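To keep things clear, I will list the structure first and then write my remarks on it.
So that the names make sense, note that chain A is the first sequence line, chain B the second, and so on, each numbered from 1. Remember, predicted model here, so these are calculated numbers, not experimental data.
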Amino acid sequence: MFVHVDANSHVPIYHQIIQQIKSAAATGLLAPGDKLLSVRELSRQIGINPNTIARAYQELERDGIIETIRGVGTFLSSTPIRISNEDKKERVKKILKELFTEAYHLQYDEDELYRVFQEEFDKWKSHGGSEGKDVES
Amino acid sequence: MLKARNVAVALEEIGIQKKGRTILKDISLEVYEGEVFALLGLEGSGKTNLLKAIMGLNQITEGIKAVSSQLGYVSETRALYDRMTVSEIEALCKGLSREWNQSLFSELLNKIMIDGKSIVGSLSKSKKSLLYITLTLATNPRILLIDEPMEGLDDLTKETLMSLLLSFMEDGKNSLILASRTIVEIAGIIDRFGVLNKGKLIYNGSVDDAIANYCRVRIVPKKLDVEIPNLNGIYGLERDGRSILVRINQDKEEIIDYLRKIPHDFFDVIPLGINDVYKEMLREEMYL
């Protein structure tokens, strides 16, 4: 599998695994219904504690991104992601708060800020927005 | 989901005194079934003595120790009888062990590519280390203690060893305790770790908590004479011209929020990887 982690990164290993699998799904490297390596197999391949991998898989399963069929294996979900709307809202609000704090310290003109936001939003939407490619991929 | 976890090793206020010298003091920790625990610290911090205490090779002068199942111990010296052949050592260990897993031993010997006819003394340091660990694994321990697992090994051997240890952990019931001076090479396999400094435990927790709690903030405040209060969670402050480096070890979010509100020309949060966090923990001791 394509997962490659840095054990000495400031990003927890389980989080890196989650991000890479999400990214793989977003870019088409993994297609819905594709089989993932089992916890054991991935642990052996990348030399990471199976507990860490199990934790990543649990969270991905909880969010509906992967599903495990007992005795068969773990697969990329064909159903859309099941994160609650509340969670989505909270995550976005958190990032906006950080943006506003930075703008405050930069003493960035408010109207200008709104214009920049609109510009970037339109650009993103024209590339498909939430249904399109992941911006960071 | 909460899971009840079985304790493999429990230490409560363990202390060791030798000839009037305090080797270990007030060590309390637990290692659970199915986890990899690292005992970190500089040379002379007490790691080897603690491993030996768990193994029962050291006299504990204070505290209580409880071990739930069979232990295996790999000493730092990896001492074997150099004049014997590998097969002779195998026979010796087999005879001395209560439980000997012959099929596992043969399988592992094959994996590490050592011939039974080889003389132990002629083996490279790396091969000898692997042999020692293989012999220990064949005694079917449930709890494996290794002193300096990666020391003196070439890179390929490190990978082979990692693979052996991960196989050992696969059934979810075994426990692994690694004593090491560095965390870099084992960061990928450990669940939790403890840091020893001069015989005392200065940290005991998970890798993820450690990297979540520690960070540095570099701030260039607009006013040169701004006072950064001594908040709980800030363990170090360094001024470097106009910039201030703030070292944080807890309540990271609250402290960052507080610092961000100080009028500034520059503000940056520097997260730390586990190796840097470990170094900070040792450095913290110097600030106290």
> Side chain, backbone, both or neither: which part of Tyr14(A) has a heavy atom under 4.5 Å from chain B?
Replying inline: side chain
> Relative to chain A, which of Asn275(B), Val36(B), Val184(B) shows the most heavy atom pairs under 4.5 Å?
Replying inline: Val184(B)
> For the side chain of Thr157(B) and the backbone of Leu153(B), is there at least one donor-acceptor N/O pair under 3.5 Å apart?
Replying inline: no
> Which of the residues Asp257(B), Ile274(B), Asp191(B) is involved in the greatest number of heavy-atom pairs with chain A at under 4.5 angstrom?
Replying inline: Asp191(B)
>> Any side-chain to backbone donor/acceptor pair from Asn174(B) onto Gly34(B)? Under 3.5 Å, distance only.
In response: no
>> Taking side chain as everything from C-beta outward and backbone as N, CA, C, O, which of these in Ile262(B) sits under 4.5 Å from a heavy atom of chain A? Side chain, backbone, both or neither.
In response: backbone
> Lys252(B) and Ile211(B): which non-hydrogen atoms are nearest, and at how many Å?
Replying inline: NZ-O, 4.1 Å
>> Please classify the contact between Val11(A) and chain B as side chain, backbone, both or neither, with a heavy-atom cut-off of under 4.5 Å.
In response: backbone
>> Does either side chain, that of Ser243(B) or that of Arg218(B), offer a donor lying less than 3.5 Å from an acceptor on the other one?
In response: yes
> Given a strict heavy-atom distance threshold of 4.5 Å, which part of Ile186(B) is in contact with chain A: side chain, backbone, both, or neither?
Replying inline: neither
> If you tally heavy-atom pairs under 4.5 Å against chain A, which of His264(B), Arg260(B), Met169(B), Met162(B) wins?
Replying inline: His264(B)
>> Please classify the contact of Thr101(A) with chain B as side chain, backbone, both or neither, using a heavy-atom distance under 4.5 Å.
In response: side chain
>> For Asp111(A), is there any backbone N or O sitting under 3.5 Å from a side-chain donor or acceptor partner on Asp109(A)?
In response: yes
> Does any N or O in the side chain of Glu67(A) come within less than 3.5 Å of the main-chain N or O of Thr74(A), such that one atom is a donor and the other an acceptor?
Replying inline: no
